[in-house]
Amino acid sequence: MKRSVLLLLLLSLLLAGCKQGLPVFTVDADGNGYTNKETGVHYAALDFHYEAVKRGTAVGAYTNKKLDYTRSFYSIPGVDASLFLTDDDLTVWYAGDAVIDAATWELSGVLICQEEAISVELFGLLPGEEDAAIAEIQTLWFSGEATELPEGTAMLCRTVKLSTKAWPGLYYSFYFYLYESGEAYFYAPVPSRAVAVPEALVEKFLPDEEAEA
């Protein structure tokens, strides 16, 4: 019994030591970026449209003892950790100089998701099967004429996630809203932007049973 207790104690100490051994990150004066003190690499947040597909292993943390606050940083599977990291909110932190612009991505797919407590993928549009729809979605969101959302609450909300093989660990996201009138829009709250979705494209965002209703 004593041997088991000692082994558990040693294991807990080793795990604590590993956690404490992670690189320390410092925060910019304006709070918009972080630097890995061990490597000197500086990361700034991409805008909220970009998100990590998932978290990898922990690579460091920033701690503010006065505020009792810690932001942990993780690698993103599929991309270089010296360029991209994420955190518990799946925010993408980027260290490169080249502009990351989803408007120019060669898309590897469009996911349609339902966001509740977690993000649930409902279905997707894939190259080779839905090339025209994928191209229209990308062009419409980035180049379409901005408009205003109608009054009232949308009866259906989905999250649209664009992906590319160039950065397989990243998504670019915005919303799809459908109203009782049949009007539909792509929308992002920051900055506030809405684009009307043509009727022919709306069915691509609905499950088969809803599209047939």
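Every heavy atom of this structure was used, including side-chain atoms; hydrogens, water molecules and symmetry mates were not.
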Do you know which two heavy atoms are closest between T91 and A45, and how far apart they sit? CG2-CB, 4.2 Å
Quick check: do P150 and Y185 have side-chain heavy atoms less than 4.5 Å from each other? yes
Let me confirm one number: the OG1-CG distance from T86 to L46, rounded to the nearest 0.5 Å. 10.0 Å
Got a list of side-chain donor-acceptor pairs under 3.5 Å for residues 122-133, not counting sequence neighbours?
residue	atom	partner	partner atom	Å
E130	OE1	K204	NZ	2.9
E130	OE2	K204	NZ	3.3
D131	OD1	G128	N	2.7
D131	OD2	G128	N	3.4

Given the rule that I, L, V, M, F, W and Y join up when any side-chain heavy atoms are under 4.5 Å apart, are I76 and Y94 in one cluster? yes
Hey, are the side chains of P23 and V59 touching, using non-hydrogen atoms and a 4.5 Å cut-off? no
Considering non-hydrogen atoms only, spot the tightest contact between A61 and F73 and give its length. CA-CD1, 4.2 Å
Heavy-atom count around D68 CG within 6.0 Å, excluding the residue itself: above 12? no
Check the orientation of Y50 and W105. Use parallel for under 30°, tilted for 30 to 60°, and perpendicular for over 60°. perpendicular
I'd like to know if V202 and I134 are part of one continuous hydrophobic network [Ile/Leu/Val/Met/Phe/Trp/Tyr, side-chain heavy atoms within less than 4.5 Å]. yes
Common cluster, V110/V197, ILVMFWY with side-chain heavy-atom separation under 4.5 Å: yes
Given S173, which partner from the list E51, K161, H49 fulfils the side-chain hydrogen bond (donor to acceptor under 3.5 Å, both in side chains) test? E51
dist Y172:OH -> T164:OG1 (nearest 0.5 Å) comes out at 14.0 Å
Under the side chain to side chain contact (heavy atoms under 4.5 Å, CB included) test, residues paired with S181 that sit two or more places apart: Y179, E183
Find out whether L140 and P198 are in side-chain contact, i.e. whether some heavy atom of one side chain is under 4.5 Å from a heavy atom of the other. yes
When you group the ILVMFWY residues by side-chain heavy-atom contacts below 4.5 Å and let the links chain together, are L90 and V190 in the same group? no
Given the rule that I, L, V, M, F, W and Y join up when any side-chain heavy atoms are under 4.5 Å apart, are L201 and F142 in one cluster? yes
Find out whether T63 and K65 are in side-chain contact, i.e. whether some heavy atom of one side chain is under 4.5 Å from a heavy atom of the other. yes
Is there a side-chain contact between M155 and L178 (heavy atoms, below 4.5 Å)? yes
Separation between CG (L156) and OG1 (T153), nearest 0.5 Å, reads 13.0 Å
For G144 and R193, which heavy atoms make the closest approach, and how far apart are they? O-NH2, 3.1 Å
With respect to W93, which candidate in Y34, Y74, F84, Y62 satisfies the ring pair (Phe, Tyr, Trp, His ring centres under 6.0 Å) definition? Y34
On a heavy-atom basis, which atom in P77 and which in S75 lie closest, and how many Å separate them? CD-O, 3.9 Å
Which residues pass the ring-ring contact (aromatic ring centres under 6.0 Å, His included) test with F174, sequence neighbours left out? W141, F186
Nearest heavy-atom neighbours spanning R55 and D87: CD-O, 3.4 Å
Between F176 and F205, how do the two ring planes meet: parallel, tilted or perpendicular, split at 30° and 60°? parallel
With a cut-off of 6.0 Å (strictly less than), are more than 12 heavy atoms of other residues, nucleotides or ligands near CG of D97? no
Compare all side-chain heavy atoms of F25 with those of L85 and state whether any distance is below 4.5 angstrom. yes
T35 side chain vs T26 backbone, donor-acceptor pair below 3.5 Å: no
pair P189-Y175: side-chain heavy atoms closer than 4.5 Å: yes
If you measure only the distance, is there a donor-acceptor pair under 3.5 Å linking the side chains of S82 and D80? yes
So, taking the atom named CG in L107 and the one named CD1 in I137, what distance separates them when rounded to the nearest 0.5 Å? 8.5 Å
